[in-house]
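Notes follow once the structure below has been shown.
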Amino acid sequence: MSESASTPTPAKSMDAIMALCKRRGFIYQASEIYGGINGFWDYGPLGAQMKKNLRDAWWEDMIMRPCWGRNGPDGHPVQCVPVETRIIQHPKVWEASGHVGGFNDPMVDCKETRGRYRYDHVSVFVPENGDAGDKPVFAYMGDTPSEARQRKKAEKTFGAIKSVALSSLPQPWARVIAPDAEKPGSLTEPRMFNLMFDTITGAIRDESNKAYLRPETAQGIFVQFKNVIDTTRIKVPFGIGNTGTSFRNEVTPRNYTFRSREFEQAELEFFCHPDESADWYKFWRDFRMEWWKAIGLGGDGGGNLILREHEKDELSHYSQGTSDVEYRFPFTAPGFGELEGIAHRGNYDLTQHQAHSKVKLEYNDTERGELLPNGSRRGEKYLPHCVEPAAGLDRGVLALICEAYTKDDSRPSPEFMKFHPRIAPVKAGVFPLVNKDGMPEVAEKLHTELSRKFWRQGMIETDAKQTIGKRYARMDEAGCPFCFTIDGDTLTNQTVTVRDRDSGQQQRIGIDKVAGFLSEKLAP
RNA sequence: GCGGACGUAACUCAAUGGUAGAGUGCCAGCCUUCCAUGCUGGAUGUUGAGGGUUCGAGUCCCUUCGUCCGCUCCA
């Protein structure tokens, strides 16, 4: 999450949004009848369809027709192919990727201040000769206020001091004063926080069969890079996309579905020549921002969405650039929470997997290298660079829900969901104005027709009970963009009214034009 | 993992240690020719779970699970 000084819109009530999501069947707590399970959430009927719509939109706009048919920075159409890789990979995949090392951070807690510190980040000021005798020594965290404060105290006690790692001191640390504590001896022994879930493959429970649930889908793509090259005719530059579930054993799942322990990612790894990678990075970064706006996060002039370029010191050593698409969630406002990261990863991952697997992953680019007398090129072998737009689909759903949630007490239906028609789980409602005089029959016929044509995109609902106002209000709450109503005139002139969710305004169109109308509105 | 707050119907919330309720929603029927506000009736709870104190616990105590806030974490 990051802060920004731009003008914040008044934060919506997260409690109201969560209540609506439960009430209307967007999101349920996982295993709710057993008391729930921390960090896991299920989708109800509307949520499941909505998330599918988001996933489909990503699949269509990133893989099947990338970037809406636009050319890339090389002047050619962007090319991408899909894969579907497994949650469980060979354990060495995660050693190569650095996750096995980096995901196991020992922590120490301070019993006095309740502070928690990365064990390997804690340093200690001790006397220069290393012998503190019976006196306490002073722990600190680099680059925090504790450093200067503890340095001052240490110098007062010992005069000349030096800094050593906490890990170099023998336990228990009875004479160590924790970074923000007053008294010595408050630090616990280091404890491991396993951020990757593990499991055992095979029937025999044996540590040697230990496997991990993936913390990201990306590695499955890198691991299959060579197969994709070898078994398709696709050429660099191109992308490989993958959607699927990942797991992170978050220390503190928080903020509704925002930080869940099980979540779905939509990741593209776009491979290109090193010389072109900076251009592709900028291209994808800008397109991804544009895409989120196009599916419904562009409200308020897009003011709740920002593209945040990482500072140089935030970047991994191999990266030439990383940006986050961030949304101003009600629980992060006035700050922002990450929806998607677009990272220039260089050839780090392919290099790692090549080294660990001992399999050559170089690409033979036959369109580069010196021109030969026969008119062909000598070719150039290289490890492609990679640009990675990695989106969180569950976070996307949550952002779209937060953005869509609208409270307007001047409306008959004060709470409604302003979903983009492409994302809305319910695409249309078909109602008889009153439940008699032949109207229900006409409505049922139109409902059947629309259902047959649009079931791939979402639900078409119908309802003849209660007043028309109540039925419109129900549709507003579900975020259904259009309602078609059969009234007395329909029976004589074959027209229906179309009600627009956001304005409440109506127009009449021919009943035979309804499918065409809807089709046009649902297009990307 | 620590500290704090909270947990009652599908939702929002009441209930002095003394018979678990309301509004909304939902269902049925009636009435209804365009925006939840017309009428009648109906269903729904082991008060998150488990234990304890008490003649009696939604209420007090303990344990546990979950949610929210802060710390921490966010590779």
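Here is the naming used below: chain letters follow the sequence lines, and residue numbers restart at 1 for every chain. These numbers were taken from a predicted model, which means no experiment stands behind them. Values below: every heavy atom of this structure, side chains too, minus hydrogens, waters and symmetry copies.
The shortest heavy-atom contact between A/R86 and A/R214 is O-NH1, 3.2 Å.
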(message) Please encode protein proximity along nucleotides 25-36 of chain B as a string of B, S and -, counting only heavy-atom distances under 4.0 Å.
(response) SS-SS--BBBBB
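No side-chain donor-acceptor contact under 3.5 Å links A/T495 to the backbone of A/I509.
Checking B/C74, B/G70, B/U67 against every side-chain atom of A/R254, the shortest atom distance belongs to B/G70.
A salt bridge links A/R508 to A/D487: one of the charged nitrogens lies within less than 4.0 Å of a carboxylate oxygen. Using a cutoff of 4.0 Å between basic side-chain nitrogens and carboxylate oxygens, A/R308 and A/E338 are not scored as salt-bridged. Taking 4.0 Å as the cut-off between side-chain N and carboxylate O, A/K51 and A/E264 count as a salt-bridged pair.
Residues A/E477 and A/L20 form a side-chain contact, since some pair of their non-hydrogen atoms from C-beta on lies under 4.5 Å apart.
A distance of about 29 Å separates the P atoms of B/A22 and B/C61, rounded to the whole Å. Remark: the separation of the C1' atoms in B/C13 and B/G3 is 28 Å, to the nearest Å. Atom name P, nucleotides B/U46 and B/A10: the rounded distance is 8 Å, in whole Å. When the P atom is compared between B/A43 and B/G21, the two are found 13 Å apart, to the nearest whole Å. B/G7 and B/G50 have their C1' atoms separated by 15 Å, with the value rounded to a whole Å. Rounded to whole Å, the separation between the C1' atoms of B/U54 and B/C60 comes to 10 Å. Only the C1' atoms considered, B/A15 is 42 Å distant from B/C34, to the nearest whole Å. The separation of B/G52 from B/U59, taken at their C1' atoms, amounts to 15 Å, rounded to a whole angstrom.
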(request) Dot-bracket for RNA chain B, please, read 5' to 3', with Watson-Crick or G-U wobble pairs under 3.5 Å on both distances, ( ) within the strand, [ ] crossing, | other strand, . unpaired. (result) (((((((..((((....[..)))).(((((.......))))).....(((((..]....))))))))))))....
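In this entry the distance linking NZ of A/K22 with P of B/G48 reads 14 Å, nearest Å. B/C68 atom C1' lies 13 Å from atom OH of A/Y256, rounded to whole Å. If you measure from atom CD1 of A/I27 to atom C1' of B/A10, you get 16 Å, rounded to the nearest angstrom. In this structure, A/R259 atom CZ and B/U72 atom C1' are separated by 10 Å, rounded to whole Å. Atom CD in A/Q29 sits roughly 12 Å away from atom C1' in B/C68 (whole-Å rounding). Distance, A/F258 CZ to B/C69 P: 12 Å, rounded to whole Å. Regarding A/E32, its CD atom lies at a distance of 9 Å from the P atom of B/A10, rounded to whole Å.
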(request) List the steps and the verdict of salt bridge (Lys or Arg N to Asp or Glu O under 4.0 Å) for A/K521 and A/D500. (result) CA-CA 11 Å; A/K521 296 288 187 186; A/D500 179 80; over 6 Å; no
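Screening A/D476, A/L400, A/T406 for a side-chain contact (heavy atoms from CB on, under 4.5 Å) involving A/K418 leaves a single residue, A/T406. Results of the ring-ring contact (aromatic ring centres under 6.0 Å, His included) test with A/F331 over A/F258, A/F336, A/Y256 single out A/F258 as the only residue that passes.
As judged by a 4.0 angstrom heavy-atom cut-off over every strand, A/G44 is placed among residues making no nucleic acid contact. Within the 4.0 angstrom heavy-atom criterion, no nucleotide atom of any strand lies near A/F431.
Heavy-atom nearest nucleotides on RNA chain B were determined for A/R395 and for A/D15, and the one closer to the 5' end corresponds to A/D15.
Phosphate proximity of B/C65 to A/N38: absent, as no side-chain N or O sits under 4.0 Å from OP1 or OP2.
Residue A/I27 holds its CD1 atom at 11.0 Å from CG of A/L46, rounded to the nearest 0.5 Å.
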